2 protein chains.
Amino acid sequence: MISQKAKYALKALIVLAKSEPDSVQMISEIAEVQRIPKKFLEQILLDLKHQGIVISRRGKAGGYLLLKKPEQITFGEILRIIDGPVAPLPCLSRIAYRRCVDCVSEEGCEVRRVFAKVAEATRDILDRTTLADCLDATVEKMVSSITA
Amino acid sequence: MISQKAKYALKALIVLAKSEPDSVQMISEIAEVQRIPKKFLEQILLDLKHQGIVISRRGKAGGYLLLKKPEQITFGEILRIIDGPVAPLPCLSRIAYRRCVDCVSEEGCEVRRVFAKVAEATRDILDRTTLADCLDATVEKMVSSITA
DNA sequence: TTAAACTCTATCTTTCCGATAGAGTTATTC
DNA sequence: GAATAACTCTATCGGAAAGATAGAGTTTAA
């Protein structure tokens, strides 16, 4: 399960991706449209700003906008920022590898071997799907071409 | 991430699958070999017993053994027992579907559409990989044939 | 200068995870 | 038939994380 926070983040980013390039969107506007608690969304967008996904304009008529193009922002990237590693086991994470303390031999671990396949399949989708794939009806084609 | 508990469960079941059919294995034995806290493993095996995965023999010379054949026990089945739904979003779960309260339209939800692919790929692996696939070197062949 | 926006840090409540405790039951063995 | 070695069950606990809220502060446009 991905966290509620990650889901909110993706939804907010999709709103930004769908709006006019270079136009700013207010937190309160996004929060209302997507039914996200406003103060919670503030934190989320701040995180995304610190990670260089969005930029903000303060003051009256302020708001948020994407720093990169929708094609350059992947689902995997956002998930890692908000939820941490995508991997199903700590010993399968690329960004936060941690050896399992209870594992006698990593190479011999059958559980690890199976979940390595899961991790691979998951990354295949998440790291290749971008916000741009959410913009119109080409989504179906895009995603199915990946999994074909 | 799957829980530590689920990992323990799978490891314990693999031990049972690897041991002589119809022979019982003691909790303490499994706990020691796999470095699982014994009292924790008791709970796990009890859960698995209640779900019809293993059976137990009490008293001296007691222990646990598989109720079904290794080929009939999938990773997905065990994960669902221990961790609950495999789905990345509540609205994508088959065993515990729950509509997202913040979702205006489920069909129009781009996040859902992407993660539906993730769920499918994950299930493809987890529901087709069994304990038997962990028994010997055929693992590689098995799993790669699935994802081919 | 004021209003409307973002910024930042703190806190709160609830739930879950991982683990431990301990009293109870069953079955074997001598 | 008593001792012992196993599983059974329920309760509980500490810590972490999730989800959210609060509020004082800063910036900018008008």
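Just so you know, these numbers come straight off a predicted model, no measurement behind them. Letters A, B, ... mirror the listed sequences (proteins, then strands); counts begin at 1.
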Measuring to OP1 and OP2 of dT8(D), would you say a side-chain N or O of Ser56(B) lies under 4.0 angstrom away?
yes
Taking atom types as they are modelled, is there a donor-acceptor pair under 3.5 Å from the base of dT25(C) to the side chain of Arg58(B)?
yes
Among dG19(D), dT8(D), dA19(C), the nucleotide that comes nearest once only the side chain of Phe40(A) is considered:
dG19(D)
For Ile27(B), answer base if it contacts any base atom (sugar-phosphate contacts may also be present), sugar-phosphate if it contacts only those atoms, and nothing otherwise; contact means non-hydrogen atoms under 4.0 Å.
sugar-phosphate
Worked check of salt bridge (charged side-chain N to carboxylate O under 4.0 Å, His left out) between Arg80(B) and Asp127(B):
CA-CA 10 Å; Arg80(B) 288 188 187 92; Asp127(B) 290 338; 3.0 Å; yes
Given dT8(D), dG23(D), dG19(D), identify the nucleotide with an atom nearest to the side chain of Glu42(B).
dT8(D)
Any N or O donor-acceptor pair linking the side chain of Gln43(A) to the base of dT7(C) at under 3.5 Å?
no
Rounded to whole angstrom units, what separation is found between the NZ atom of Lys38(A) and the C1' atom of dT7(C)?
12 Å
From the list dA20(D), dT21(D), dC9(D), which nucleotide is the closest neighbour of the side chain of Gln4(A)?
dA20(D)
Give the cluster check for Leu65(B) versus Tyr8(B): same hydrophobic cluster or not, with ILVMFWY residues linked at side-chain heavy-atom distances below 4.5 Å.
no
Within this structure, what is the OH-to-P distance between Tyr64(A) and dT28(D), rounded to whole angstrom?
14 Å
Determine whether a donor-acceptor pair (one donor, one acceptor, N or O, separation below 3.5 Å) exists between the side chain of Lys39(B) and the base of dG22(C).
yes
Take the protein atom CD1 of Ile55(B) and the nucleotide atom C1' of dA6(D), then report the distance between them rounded to whole Å.
16 Å
Between Lys117(B) and Asp124(A), is a salt bridge (charged side-chain N to carboxylate O under 4.0 Å, His left out) present by the stated rule, with each step listed?
CA-CA 10 Å; Lys117(B) 296 291 178 183; Asp124(A) 236 40; over 6 Å; no
Please report the distance, rounded to the nearest Å, between NZ in Lys7(B) and P in dG18(C).
10 Å
If I take atom CZ in residue Arg57(B) and atom P in nucleotide dA5(D), what distance separates them, rounded to the nearest angstrom?
18 Å
Taking for each residue the nucleotide of DNA chain D bearing the nearest heavy atom, is the 5' side occupied by Lys60(B) or by Ala6(A)?
Lys60(B)
Do Arg112(A) and Cys100(A) make a side-chain contact, defined as non-hydrogen atoms from C-beta onward lying under 4.5 Å apart?
no
Interatomic distance, Ile36(A) CD1 vs dT21(D) P [rounded to whole Å]:
13 Å
Phosphate oxygens OP1/OP2 of dT7(C): is one of them under 4.0 Å from a side-chain N or O of His50(A)?
no
Give a yes/no answer on whether the side chain of Tyr8(A) brings an N or O atom under 4.0 Å of OP1 or OP2 in dA20(D).
yes
I need the CG-C1' distance between Leu45(B) and dC9(D), as an integer number of Å.
14 Å
Asp83(B) CG - dC17(C) C1' separation (whole Å):
10 Å
Identify whether Val24(B) and Ile30(B) are in the same connected component of the hydrophobic contact network (ILVMFWY, side-chain heavy atoms under 4.5 Å).
no
On DNA chain D, more 5' by nearest nucleotide between Leu46(B) and Ile2(A) is Leu46(B)
